[in-house]
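Taking it in order: structure first as structure tokens, then the write-up.
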Amino acid sequence: MWVINVHFCYNVQNSQYLENMKSYTLTQTRNQHGEVFDQATVEPVLITKQKRPSYVILSAESYQKLIDKLEELEDLHWGQQAQQALNQS
């Protein structure tokens, strides 16, 4: 499983997706790590620190799917940029 620090995501505090996630405090995560990791195999889990979103735990499979989708979107973006440049030349 991968742990991703979500502080660098845009507007994490107001993300509706995060509000709907199963969440645990950092203390709960330490005390119930088996439950947390079991839940992360089903869906991403939000870890909070001082009542604020801090980390997301997700399975390696979910992480790979996320990376694949990001790469696909990046390729689409750059393809569109190239097409626009060709159309303008």
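None of the values given here were measured: they were computed from a predicted structure. We count residues from 1, following the sequence as given. Quick note: numbers below take in every heavy atom, side chains included, and nothing from hydrogens, waters or symmetry partners.
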query: OG1 of Thr48 to CE of Met21: how many Å apart, nearest 0.5 Å?
result: 11.0 Å

message: Applying side-chain contact (heavy atoms from CB on, under 4.5 Å) to Lys22 and Glu43, what does each step give before you reach the verdict?
response: CA-CA 8 Å; Lys22 176 78 173 169; Glu43 62 184 345; 3.8 Å; yes

query: CG of Leu76 to CD of Gln81: how many Å apart, nearest 0.5 Å?
result: 10.5 Å

- prompt: Considering residues, nucleotides and ligands other than Gln50, do more than 12 of their heavy atoms fall under 6.0 Å from its CD?
  reply: no

Criterion side chain to side chain donor-acceptor pair (under 3.5 Å) on Glu35 and Tyr24, from CA distance to verdict: CA-CA 10 Å; Glu35 178 184 330; Tyr24 296 87; 2.9 Å; yes

Spacing of Leu26 atom CG and Asn31 atom CG [to the nearest 0.5 Å]: 10.0 Å

- request: Measure across Pro53 and Leu46 and return the closest heavy-atom pair with its distance rounded to 0.1 Å.
  value: CB-CD1, 3.8 Å

- prompt: Roughly how far apart are Gln83 CD and Asn87 CG, rounded to 0.5 Å?
  reply: 4.5 Å

- prompt: Any link between Val42 and Phe37 through a network of hydrophobic side chains (Ile, Leu, Val, Met, Phe, Trp, Tyr) touching at under 4.5 Å?
  reply: no

- request: Starting at CG of Leu86, measure out to CD of Gln84 and round the result to the nearest 0.5 Å.
  value: 10.5 Å

message: Would you compute the distance between atom NZ of Lys49 and atom OG1 of Thr25 and round it to the nearest 0.5 angstrom?
response: 12.0 Å

- prompt: Given the rule in the side-chain contact (heavy atoms from CB on, under 4.5 Å) test, do Val56 and Ile47 qualify, once you have shown the distances and angles that lead to the verdict?
  reply: CA-CA 6 Å; Val56 172; Ile47 308 302; over 6 Å; no

- prompt: With the 4.5 Å side-chain cut-off for hydrophobic clustering, are Leu66 and Leu73 part of the same group?
  reply: no

